[in-house]
Amino acid sequence: MVQNNSIFIKQEKVSSIPLIERFPFPFKGDSYRYSNNSEVLEPPFLLTITPEYVEEIELKRELLKMRKNQCYQSFSHSLEAQWEILEMIINEMTSLYPEYFSVKKDGDHWGFYNHLLKEQQSFIFGDASSLPYEPLDFIGRHVQEDLVYIAQRDGDLYMDAGQLCFPANWSIAFNLGMTYTEFHSPVPHFSDSGLAEKVRKFLLRMEAGKPWTRLNWTLTVEPILNTFPETFDEWGMKKEKITFENMGQLVHLRVEDQRLFRLPYSNGILFGIHTHLISLDELKKKEEWINRFYQVLMDLPDYIAQYKGFISYKDELINYLEEIIKTKGSAVK
């Protein structure tokens, strides 16, 4: 039974570190190209709770209510792996954030408590009928991360289930059932360069207990997390509103903190995606970051800007960043 007293609660306990101090800036050098930039995940955890927790969970649930088929898809044969994912995430939630989440286990009878949202759910582990949603969909409604299950069978990787509420212009409804190579086929030069096959083989060799992480990035106009291709008419045209004067407020660097875990029992891969947004106005508070971002864009091939959706304002963005750098330089002098 679910008890929900409203998810609009105060978050005094949730970290209030300023965004500029916790944003996962994605560039380590002055150039960017597609690569397997995965690193060993240390510490080896999936979840991050940020001050945006309540706001993002509320948005997730609203999207799942209004656009369920766009946000959640699964094959029935993924249920066993979904239970494995639910158990993994609940164990991590309750060990890392015991002040926010707790669980009581009596054999297969579990009681899960989300103290941030003042909710509780009793269920029988392994019995899907005891939950209001499929296991992956249920636990996804309590974490900020999008969750995608990639099955490994017959020497390949298949997208078998996912709760994807905050996509960067891709669709779980469209990609379900595709192989790794198929759902990455839109990425320019990724397949024909041989990189897709190298990354696929890397994923096939992943070991349980040794998760990996990488940062992916793009640009978004306005702080919109849910950029579905199915709703492009609602958010895609917003780039036409950009001017030199409002660019700092409207253009946001969008970074996905992607984390990959080999599941020991199903032998599949859990792909977690935590999306972070920061406006250029906020980003320029760190001079090193704004300088590096400028260098990256100066060197960035047009085909990448085209794929990431900002080719129409790339030159104006570079001019804008150049002006910021000049201004800061003048201020220093």
Side-chain angles (χ1 to χ4, degrees), residues 24 26 28 32-48 72-75 77-89 92 135-136 139-140 143 145-164 166-218 255-275 304 307-308:
K28 293 187 175 181
Y32 173 84
R33 297 293 188 275
Y34 294 119
S35 66
N36 181 13
N37 60 339
S38 300
E39 299 180 351
V40 174
L41 177 60
E42 291 291 351
F45 302 127
L46 171 71
L47 306 175
T48 304
Y72 185 79
Q73 291 281 332
S74 70
F75 290 127
H77 60 251
S78 70
L79 271 177
E80 186 175 350
Q82 290 188 44
W83 282 109
E84 183 180 3
I85 291 168
L86 177 143
E87 181 176 25
M88 169 194 157
I89 292 177
E92 183 174 308
L136 184 65
I139 200 60
V143 300
E145 287 77 8
D146 282 319
L147 305 171
V148 177
Y149 171 62
I150 301 173
Q152 182 168 322
R153 58 180 178 271
D154 303 327
D156 214 338
L157 300 165
Y158 297 84
M159 192 175 294
D160 271 8
Q163 188 194 83
L164 185 73
F166 305 145
N169 197 19
W170 67 282
S171 170
I172 190 71
F174 183 76
N175 287 8
L176 191 76
M178 289 186 179
T179 66
Y180 176 86
T181 303
E182 288 170 340
F183 60 73
H184 280 96
S185 60
V187 183
H189 300 294
F190 190 63
S191 295
D192 56 17
S193 67
L195 181 59
E197 181 60 17
K198 290 180 181 178
V199 176
R200 190 184 73 89
K201 290 180 178 179
F202 163 78
L203 294 174
L204 288 169
R205 294 192 302 269
M206 274 185 59
E207 299 178 22
K210 296 181 179 179
W212 294 79
T213 184
R214 67 183 295 270
L215 297 178
N216 192 29
W217 71 279
T218 186
V255 175
E256 295 178 343
D257 184 349
Q258 302 178 349
R259 302 186 181 186
L260 297 149
F261 293 76
R262 170 71 70 186
L263 300 170
Y265 300 109
S266 65
N267 198 42
I269 294 173
L270 173 61
F271 180 39
I273 311 167
H274 193 138
T275 301
I304 295 182
Y307 173 70
K308 291 183 179 290

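Residue numbers count from 1 along this sequence.
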**Request:** For P186 and Y307, work out which heavy atoms get closest and say how close.
**Result:** O-CE1, 3.5 Å

**Message:** Does atom CZ (F174) have a neighbourhood of more than 12 heavy atoms from anything else shown, all under 6.0 Å?
**Reply:** no

**Prompt:** Which heavy atom in R259 sits nearest to a heavy atom in L47, and how many Å separate them?
**Reply:** NH1-O, 4.2 Å

**Inter-residue atom distance N175.CG - H184.NE2, 0.5 Å rounding** = 9.0 Å

**Donor-acceptor contact below 3.5 Å, side chain Q163 vs main chain L147** = no

**Item:** Distance, nearest 0.5 Å, that separates CD of Q82 from NE2 of H77
**Value:** 10.0 Å

**Asked** Should K308 and N216 be marked as a side-chain contact (heavy atoms from CB on, under 4.5 Å) after you check the CA-CA gap, both sets of side-chain angles, and the distance that decides it?
**Response** CA-CA 11 Å; K308 291 183 179 290; N216 192 29; 3.9 Å; yes

**Request:** Using the six-membered ring wherever Trp is involved, compare the ring planes of W217 and Y32 and label them parallel, tilted or perpendicular (cut-offs 30° and 60°).
**Result:** perpendicular

**Request:** Taking side chain to side chain contact (heavy atoms under 4.5 Å, CB included) as the test, write out the residues that go with T181, two or more places apart.
**Result:** T179, S191, R200

**Message:** With rounding to the nearest 0.5 angstrom, report the CG to NE2 distance, L46 to H274.
**Reply:** 10.0 Å

**Prompt:** Roughly how far, to the nearest 0.5 Å, is the CG atom of L136 from the CG atom of L79?
**Reply:** 10.0 Å

**Prompt:** If only atom types and distance count, is the side chain of D146 paired as donor or acceptor with the main-chain N or O of I273 below 3.5 Å?
**Reply:** no

**Complete:** One should read off an interatomic distance between L270 CG and L260 CG, to the nearest 0.5 angstrom, of 8.5 Å

**Message:** Heavy-atom count check: over 12 atoms from other residues, nucleotides or ligands less than 6.0 Å from E80 CD?
**Reply:** no

**Prompt:** Any sub-3.5 Å donor-acceptor pair from E84's side-chain atoms to N267's backbone N or O?
**Reply:** no

**Fill in**
Closest non-hydrogen contact found for S78 with Y149 is CB-CD2, 4.1 Å

Mind listing the side-chain donor-acceptor pairs of residues 37-44 below 3.5 Å, one per line with the distance, residues two or more places apart or on another chain?
| residue | atom | partner | partner atom | Å |
| --- | --- | --- | --- | --- |
| N37 | OD1 | R214 | NE | 2.8 |
| N37 | OD1 | R214 | NH2 | 3.3 |
| N37 | ND2 | L215 | O | 3.3 |
| S38 | OG | N36 | OD1 | 2.9 |
| E39 | OE1 | K28 | NZ | 3.4 |
| E39 | OE2 | K28 | NZ | 2.3 |

**Request:** Please identify each residue that fulfils side chain to side chain contact (heavy atoms under 4.5 Å, CB included) with K210, with sequence neighbours left out.
**Result:** E207

**Message:** Would you say that R153 contacts Y158 through its side chain, given a criterion of any heavy-atom pair below 4.5 Å between the two side chains?
**Reply:** yes

**Asked** Does OH in Y265 sit with more than 12 non-hydrogen atoms of other residues, nucleotides or ligands closer than 6.0 Å?
**Response** no

**Fill in**
The reported gap from OG in S74 to CG in L176 (rounded to nearest 0.5 angstrom) is 7.5 Å

**Prompt:** With no hydrogens and no angle check, is any side-chain donor or acceptor of T275 less than 3.5 Å from a backbone partner on E256?
**Reply:** no

**Request:** Would you check if Y34 and S193 make a side-chain contact, meaning some heavy-atom pair closer than 4.5 Å?
**Result:** no

**Asked** Do the side chains of I85 and F261 get nearer than 4.5 Å, heavy atoms only?
**Response** no

**Asked** Is there a donor-acceptor pair closer than 3.5 Å between any side-chain N or O of K198 and the backbone N or O of S35?
**Response** no

**Request:** Please examine the side chains of M159 and L164, heavy atoms only from C-beta on, and report whether any two atoms are closer than 4.5 Å.
**Result:** no

**Request:** Could you label the plane-to-plane angle of the Y180 and F183 rings as parallel, tilted or perpendicular, counting under 30° as parallel and over 60° as perpendicular?
**Result:** perpendicular

**Asked** Quick one: does R262's side chain get under 4.5 Å of Q152's, heavy atoms only?
**Response** yes

**Message:** So L203 and M206, do their side chains get closer than 4.5 Å, heavy atoms only?
**Reply:** yes

**Request:** For residues T218 and A168, report the shortest heavy-atom separation together with the two atoms involved.
**Result:** CG2-CB, 4.4 Å

